[in-house]
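Here's the structure we're looking at; comments come further down.
Heavy-atom basis, side chains included; hydrogens, waters and symmetry copies ignored. In this text, all values refer to a predicted model and were calculated from it rather than measured experimentally. Residues: numbered from 1 along the sequence shown.
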Amino acid sequence: MKTPDLFEHERIGQREFLGPQAVVLRGFALPRVEALLPALALLQTASPFRHMVTPGGFTMSVALTNCGPLGWTTDRRGYRYSPLDPDTGQPWPAMPEVFAVLAREAAAAAGFDDFQPDACLINRYLPGARMSLHQDRNERDLGAPVVSVSLGMTATFLFGGLARADKAIRIPLYHGDVVVWGGVDRLRFHGVLPLKDDPHPVLGRQRINFTLRKAG
Ligand code: MD6
Ligand code: FE
């Protein structure tokens, strides 16, 4: 690690509001990392990470997989949620209990009671990978929040407004941070700047982000 994370202890437990109903819960996932990592490793054996193609014909720099009853996919025909992994023809792996429990607790901590996710999209960023500005709007019930968990290398998250051209703020997301957003902030544009190559002591040269949603 080139830049030791000297201030982690001061961040843990802090809440940073990005909007009225969007909040970063610093270090919220840290107590569960030791349970999350083996669950992540196991589900990748059933549905490995892969680079999908957008409707516009671009191959995503981020590799993705899913777990839970529904998984987010993209191809030339569009974005959608599907119960089957298009690469294996099989259902996505079950959502590990620790994912669902973490999501429920984070949602409750942010003021969204009774969150019951049915989809978990898992993104893997290697150095240079990025996510361009987008809205999450493929979920049927936009009343439910999205819970987003970051592990590994630090990323710079972009959080904009309800229009693509609105100015976006930049927020670092560290290993163990959880972002929850919903309500009036549910359709805010957001993205991730190209990942800097600054290896993480536990996960090495990658960032894993998983987002839990109620999609169906
Ligand atoms: C990422 N996250 O952090 C990308 N979407 O790698 C997202 O696109 C995202 O973090 C909806 C809600 C939370 C998120
Ligand atoms: Fe998103």
Below 4.0 angstrom, N of the basic side chain to O of the carboxylate: do Asp198 and Lys196 qualify?
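Salt bridge flag = no for Lys196 with Asp198.
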Check this for me: does any side-chain nitrogen of one of Arg32 and Glu105 sit under 4.0 Å from a carboxylate oxygen of the other?
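The answer is yes: the pair qualifies as a salt bridge.
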So how far is it from [X] [atom1] to [Y] [atom2], rounded to the nearest 0.5 Å?
{"X": "Arg205", "Y": "Leu195", "atom1": "CZ", "atom2": "CG", "value": "10.5 Å"}
{"X": "Thr156", "Y": "Ile169", "atom1": "OG1", "atom2": "CD1", "value": "12.0 Å"}
{"X": "Leu158", "Y": "Met131", "atom1": "CG", "atom2": "CE", "value": "11.5 Å"}
{"X": "Leu203", "Y": "Arg124", "atom1": "CG", "atom2": "CZ", "value": "11.5 Å"}

Note, [X] side chain near [Y] side chain (heavy atom, < 4.5 Å):
{"X": "Leu173", "Y": "Val179", "answer": "yes"}
{"X": "Leu40", "Y": "Phe99", "answer": "yes"}
{"X": "Phe189", "Y": "Phe159", "answer": "no"}
{"X": "Leu18", "Y": "Ile171", "answer": "yes"}
{"X": "Cys67", "Y": "Cys120", "answer": "yes"}
{"X": "Gln44", "Y": "Ile122", "answer": "no"}
{"X": "Met60", "Y": "Thr54", "answer": "yes"}
{"X": "Lys214", "Y": "Pro145", "answer": "no"}

In terms of side-chain heavy atoms, does [X] have a donor or acceptor partner in [Y] at a distance below 3.5 Å?
{"X": "Asn209", "Y": "Ser148", "value": "yes"}
{"X": "Arg213", "Y": "Tyr81", "value": "yes"}
{"X": "Asn138", "Y": "Trp72", "value": "yes"}
{"X": "Ser47", "Y": "Asp85", "value": "yes"}

Test the Arg26-Tyr174 pair against the cation-pi criterion, namely NZ or CZ under 6.0 angstrom from the six-membered ring centroid and within 45° of the ring axis.
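No, Arg26 does not lie over the aromatic ring of Tyr174.
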Single-linkage hydrophobic cluster, 4.5 Å side-chain cutoff, [X] and [Y] together:
{"X": "Leu36", "Y": "Val202", "answer": "yes"}
{"X": "Val178", "Y": "Leu37", "answer": "yes"}
{"X": "Val62", "Y": "Phe157", "answer": "yes"}
{"X": "Val33", "Y": "Val24", "answer": "no"}
{"X": "Met52", "Y": "Leu84", "answer": "no"}

side-chain contact (heavy atoms from CB on, under 4.5 Å) between Ile208 and Asn123, intermediate numbers included
CA-CA 6 Å; Ile208 304 285; Asn123 289 316; over 6 Å; no
For the residue pair [X] and [Y], what are the closest heavy atoms and their distance?
{"X": "Pro127", "Y": "Met153", "answer": "CG-CE, 3.9 Å"}
{"X": "Gly78", "Y": "Pro55", "answer": "CA-CG, 3.6 Å"}
{"X": "Asp75", "Y": "Arg77", "answer": "OD1-N, 2.8 Å"}
{"X": "Ala29", "Y": "Leu102", "answer": "CB-CD2, 4.0 Å"}
{"X": "Ala46", "Y": "Thr88", "answer": "O-CG2, 3.8 Å"}

Please check this pair: side chain of [X] against backbone of [Y], looking for a donor-acceptor N/O pair closer than 3.5 Å.
{"X": "His175", "Y": "Gly152", "value": "yes"}
{"X": "Asp177", "Y": "Ser150", "value": "no"}
{"X": "Asp166", "Y": "Leu162", "value": "yes"}

Please test Val180 against Val146 for side-chain contact (heavy atoms from CB on, under 4.5 Å), starting from the C-alpha separation and ending with a verdict.
CA-CA 6 Å; Val180 181; Val146 179; over 6 Å; no
Can you run down the ring pair (Phe, Tyr, Trp, His ring centres under 6.0 Å) pairs that involve residues 24-70, sequence neighbours left out, and say none if there aren't any?
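Checked against ring pair (Phe, Tyr, Trp, His ring centres under 6.0 Å) - neighbours excluded - no pair reaches residues 24-70.
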Can you list the residues that meet the ring-ring contact (aromatic ring centres under 6.0 Å, His included) rule with His134, with sequence neighbours excluded?
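His134 satisfies ring-ring contact (aromatic ring centres under 6.0 Å, His included) with His190 once adjacent residues are dropped.
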Name all residues meeting the ring-ring contact (aromatic ring centres under 6.0 Å, His included) criterion together with Tyr125; count only those two or more places apart in sequence or in a different chain, and write none if there are none.
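Not a single residue meets the ring-ring contact (aromatic ring centres under 6.0 Å, His included) criterion with Tyr125.
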I'd like a table of donor-acceptor pairs (distance under 3.5 Å, sequence neighbours excluded) in which one partner is a side-chain atom from residues 111-118, with atom names and distances.
{"unit_1": "Asp114", "atom_1": "OD1", "unit_2": "Arg104", "atom_2": "NH2", "d": "3.1"}
{"unit_1": "Asp118", "atom_1": "OD1", "unit_2": "Ala215", "atom_2": "N", "d": "2.7"}
{"unit_1": "Asp118", "atom_1": "OD2", "unit_2": "Gly216", "atom_2": "N", "d": "3.0"}

Kindly write out the residues that satisfy side chain to side chain donor-acceptor pair (under 3.5 Å) with Arg137, not counting sequence neighbours, or none if the list is empty.
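Residues passing side chain to side chain donor-acceptor pair (under 3.5 Å) with Arg137: Gln135.
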By side chain to side chain donor-acceptor pair (under 3.5 Å), which residues pair with Thr74, not counting sequence neighbours?
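Residues passing side chain to side chain donor-acceptor pair (under 3.5 Å) with Thr74: none at all.
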Steps toward side-chain contact (heavy atoms from CB on, under 4.5 Å) verdict (Asp136, Arg186)
CA-CA 8 Å; Asp136 285 26; Arg186 184 64 176 72; 3.7 Å; yes
Residue that, paired with Trp92, satisfies side chain to side chain contact (heavy atoms under 4.5 Å, CB included) out of Asn66, Leu43, Leu70
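Filter result, single survivor: Asn66.
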Taking atom CZ as the centre, does Arg80 end up with more than 12 heavy-atom neighbours from other residues, nucleotides or ligands that are less than 6.0 angstrom away?
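Yes, CZ of Arg80 has more than 12 neighbouring heavy atoms, counting only those of other groups under 6.0 Å.
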Run the side-chain contact (heavy atoms from CB on, under 4.5 Å) check on Thr65 and Arg50 step by step: do they pass?
CA-CA 7 Å; Thr65 186; Arg50 79 293 303 265; 4.2 Å; yes
